[in-house]
There are 2 protein chains.
Amino acid sequence: MSTKNMKIQLQCIACQSRGDSHFSNLEEEQLEILSEHKSCVTYKKNQTLFYEGTRPMGIFCINTGKVKVFKMGSNGKEQILFIAQKGDFLGYRSLLSEEFYGASATVLEPAAICFIPKSDFLKVLHSNPEFFGKLMKAVCHELGVMETKLAQLSQKSVRERLAATILMLKETYGMEGEGSEVIDIVLSREDLANIVGTATETVIRLLSEFKSDKMIALEGKKIKVLDADKLLHEADFYG
Amino acid sequence: MSTKNMKIQLQCIACQSRGDSHFSNLEEEQLEILSEHKSCVTYKKNQTLFYEGTRPMGIFCINTGKVKVFKMGSNGKEQILFIAQKGDFLGYRSLLSEEFYGASATVLEPAAICFIPKSDFLKVLHSNPEFFGKLMKAVCHELGVMETKLAQLSQKSVRERLAATILMLKETYGMEGEGSEVIDIVLSREDLANIVGTATETVIRLLSEFKSDKMIALEGKKIKVLDADKLLHEADFYG
DNA sequence: CGAAAACCATGACAAAAGTCATGTTTTCTA
DNA sequence: TAGAAAACATGACTTTTGTCATGGTTTTCG
């Protein structure tokens with residue numbers, strides 16, 4: 001197998017993931033502008049889309065696959081801010097605030113991702129107030145989500161946060177399987193710890209406990225949720 | 001003294017704090033729209049502008065004074081997200097994402113704050129792409145700031161975060177006084193703890209240590225920075 | 001395929017931070 | 001302005017979480 005990433009060419013207008021994205025309501029003409037200079041590349045696991053501290057040159061649009069977005073701490077530990085998937089944009093926030101990337105983005109599983117140069121994206125953005133408004137709304141929503149994460153990090157125990165994280169993953173990646181929900185994302189214990197904001201060993205220990213308590217089952221790296229109510233209770237979603 | 005808040009009337013166009021705000025470049029016509037239905041009220045310490053979970057009806061524009069914006073945890077502890085001051089807008093984020101307020105806002109010191117109804121604000125916003133773009137840029141920047149806070153909360157010790165918080169306060173509210181910087185904001189130890197994300201007692205203990213180590217002096221509730229370099233060192237701003 | 005590397009798991013221990021109790025000081029307000 | 005309430009301070013102790021060490025398991029890749 002070649003070590004080079006495979007390039008695939010596809011018009012945005014025919015993109016399978018467009019319906020899930022902010023591009024869903026764009027007009028044909030504007031989709032053509034976006035397609036003009038875009039490149040679509042397949043990435044392998046662990047490849048990095050962009051690094052914290054570098055200058056954004058355009059936006060990434062995820063076609064398939066999952067991408068972790070994280071900040072590196074001085075201790076060498078990552079804090080994962082969110083996980084992006086099909087239809088999500090990456091990098092437009094730094095583009096609009098005209099700052100360097102505030103985080104890095106690394107592929108978690110094989111992915112197909114388009115890159116649209118800054119100028120084309122901005123051209124469409126400024127010629128389409130409705131699109132601009134939609135994006136504004138999305139950014140405002142994201143800010144609210146991030147504030148909630150901050151407060152929970154500060155106010156909840158690791159145990160509560162892990163339970164909440166498993167439930168969140170279930171909501172996002174859950175697949176019904178023989179009565180229980182299998183979470184369809186492969187995360188190392190370390191990545192999971194970096195979402196929760198704790199040490200890897202602590203996550204491993206708590207997962208073992210949750211397993212003993214029959215709340216989850218571990219199938220290889222995948223987590224199966226056996227008792228969502230009990231997890232909800234652990235996450236302290238009532239006070 | 002009356003228990004009612006005092007109303008003062010002033011045109012936005014003549015507002016002293018406008019130069020510090022996102023409204024600085026608006027045209028006369030648009031300022032008049034904003035002025036039309038606005039009300040400007042003085043608030044006393046501990047009065048609340050809006051509560052988490054309620055519906056936003058407009059935006060607040062701070063003329064003078066300081067306001068803490070926070071989320072309440074199930075344990076009854078606040079997490080302060082940021083402190084707003086002269087020229088800052090509050091509440092426009094929830095307005096734009098069309099969600100309920102995600103946080104509460106309470107006045108820290110006597111303040112004069114204007115309220116502009118939703119419809120007037122949106123009218124101006126949508127009639128002025130440049131203003132919209134400016135606000136978008138601001139929100140994107142805020143999102144980056146919030147992500148940084150999240151990562152630091154997860155990756156730094158309480159001691160490091162307190163040192164960083166004191167330095168941040170110095171940057172924002174510092175006033176040169178006989179060689180050292182007096183931080184011109186009155187925060188209870190509890191509020192400070194709720195910024196740092198820790199227990200009140202822990203903050204008190206660490207402040208005592210910082211004082212013993214001659215990094216700060218405590219003058220009543222106000223903090224004076226004696227050795228910013230040493231604080232920077234404590235905050236671990238190099239790795 | 002098979003060795004090396006990465007990852008998972010668990011125990012033992014240490015450190016960080018939280019909680020509770022108590023006393024003092026400051027601030028508010030009737 | 002005096003009494004009450006809130007805020008500050010500190011000690012003693014507990015709990016939570018992190019770190020280090022070790023061994024087993026899985027994955028990767030030459």
Side-chain angles (χ1 to χ4, degrees), chain A residues 1-3 44-47 68 73-79 106 108-110 152-163 165 185-212 216-223 234 236, chain B residues 1-3 44-47 68 73-79 106 108-110 152-163 165 185-212 216-223 234 236:
Chain A
M1 179 178 164
S2 162
T3 147
K44 295 190 263 300
K45 192 178 164 171
N46 288 323
Q47 289 189 312
K68 67 173 171 180
S74 56
N75 50 10
K77 222 158 45 183
E78 300 173 359
Q79 175 62 39
T106 297
L108 285 175
E109 59 181 50
Q152 302 225 335
L153 184 57
S154 153
Q155 292 170 339
K156 287 177 173 265
S157 68
V158 173
R159 189 185 183 86
E160 289 168 331
R161 269 143 51 205
L162 179 61
T165 299
I185 184 173
V186 176
L187 281 176
S188 67
R189 300 290 187 257
E190 189 178 356
D191 279 335
L192 192 50
N194 292 338
I195 295 174
V196 172
T198 187
T200 307
E201 293 94 327
T202 303
V203 161
I204 291 172
R205 259 182 264 275
L206 287 172
L207 284 179
S208 297
E209 284 183 37
F210 287 177
K211 186 179 158 190
S212 306
I216 62 172
L218 300 174
E219 311 201 327
K221 297 217 183 198
K222 292 202 181 173
I223 297 172
E234 287 292 341
D236 186 35
Chain B
M1 180 176 162
S2 163
T3 146
K44 294 191 263 301
K45 192 177 166 170
N46 288 324
Q47 289 189 311
K68 66 173 172 182
S74 56
N75 49 10
K77 223 159 42 184
E78 300 174 358
Q79 174 62 40
T106 297
L108 286 175
E109 60 181 52
Q152 302 224 335
L153 185 57
S154 152
Q155 293 169 338
K156 287 178 173 263
S157 69
V158 172
R159 188 185 183 85
E160 289 168 331
R161 270 143 50 205
L162 179 61
T165 299
I185 185 174
V186 175
L187 282 175
S188 66
R189 301 290 188 256
E190 189 178 357
D191 279 337
L192 193 50
N194 292 339
I195 296 174
V196 172
T198 187
T200 306
E201 293 94 325
T202 304
V203 160
I204 291 172
R205 260 182 263 276
L206 286 171
L207 284 179
S208 298
E209 285 184 35
F210 286 178
K211 187 178 157 192
S212 305
I216 62 172
L218 300 174
E219 312 201 328
K221 297 217 182 201
K222 291 201 180 173
I223 298 171
E234 286 293 340
D236 187 34

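Proteins get letters first, then strands, A, B, ... in listed order; numbering begins at 1 in each.
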Among B:Asp191, B:Val158, B:Thr202, B:Leu153, find the residue that satisfies the side-chain contact (heavy atoms from CB on, under 4.5 Å) test when tested with B:Val196. B:Val158
Could you tell me the separation between the [atom1] atom of [X] and the [atom2] atom of [N], rounded to a whole number of Å?
{"X": "B:Ile204", "N": "C:dT24", "atom1": "CD1", "atom2": "P", "value": "16 Å"}
{"X": "A:Glu209", "N": "C:dT10", "atom1": "CD", "atom2": "P", "value": "11 Å"}
{"X": "A:Phe210", "N": "C:dC8", "atom1": "CZ", "atom2": "P", "value": "17 Å"}
{"X": "A:Asn75", "N": "C:dA16", "atom1": "CG", "atom2": "P", "value": "14 Å"}
{"X": "B:Leu192", "N": "D:dA9", "atom1": "CG", "atom2": "C1'", "value": "15 Å"}
{"X": "A:Lys222", "N": "D:dT26", "atom1": "NZ", "atom2": "C1'", "value": "16 Å"}
{"X": "A:Ile216", "N": "C:dC8", "atom1": "CD1", "atom2": "P", "value": "13 Å"}
{"X": "B:Glu160", "N": "C:dA17", "atom1": "CD", "atom2": "P", "value": "9 Å"}

Mind checking A:Thr200 for me? I need base, sugar-phosphate or nothing, with any heavy atom below 4.0 Å counting as a touch. nothing
Give a yes or no on whether a donor-acceptor pair under 3.5 Å exists between the nucleobase atoms of C:dT19, that is its base, and the side chain of B:Arg205. yes
Got a donor-acceptor pair under 3.5 Å from the side chain of B:Glu201 to the base of C:dC20? yes
Looking at A:Thr198, does any N or O in its side chain come under 4.0 Å of the phosphate oxygens OP1/OP2 on D:dG18? yes
Presence of B:Arg159 side-chain N/O under 4.0 Å of C:dA16 phosphate oxygens OP1/OP2: no
For B:Gln79 and A:Ser154 the tightest heavy-atom approach is OE1-OG, 2.6 Å
So do the side chains of B:Lys68 and B:Glu78 get within less than 4.5 Å of each other, counting heavy atoms only? yes
Would a 4.5 Å heavy-atom cut-off, applied to side chains only, mark A:Asn46 and A:Leu108 as touching? no
Nearest-nucleotide wise, let me know which of A:Lys221 and A:Ala199 is further upstream toward the 5' end of DNA chain D. A:Ala199
For the pair B:Arg189 (side chain) and B:Thr200 (backbone), establish whether a donor and an acceptor sit closer than 3.5 Å, ignoring hydrogens and angles. no
Without swapping roles, check the side chain of B:Thr198 against the backbone of B:Asn194 for a donor-acceptor pair under 3.5 Å. no
Note the angle between the end axes of the helix from C:dC1-D:dG30 to C:dA30-D:dT1, five pairs defining each, rounded to 10 degrees. 50°
Selected nucleotide, minimal atom distance to [X] side chain, candidates [options]:
{"X": "B:Glu190", "options": "C:dT10, D:dT19, D:dA7", "answer": "D:dA7"}
{"X": "B:Ser208", "options": "C:dC8, C:dT19, D:dT10", "answer": "D:dT10"}
{"X": "B:Ser157", "options": "C:dA17, D:dC8, D:dA9", "answer": "C:dA17"}

In sequence, state the C-alpha distance, the side-chain angles, and the governing distance for B:Glu234 and B:Glu160, and then conclude on side-chain contact (heavy atoms from CB on, under 4.5 Å). CA-CA 6 Å; B:Glu234 286 293 340; B:Glu160 289 168 331; over 6 Å; no
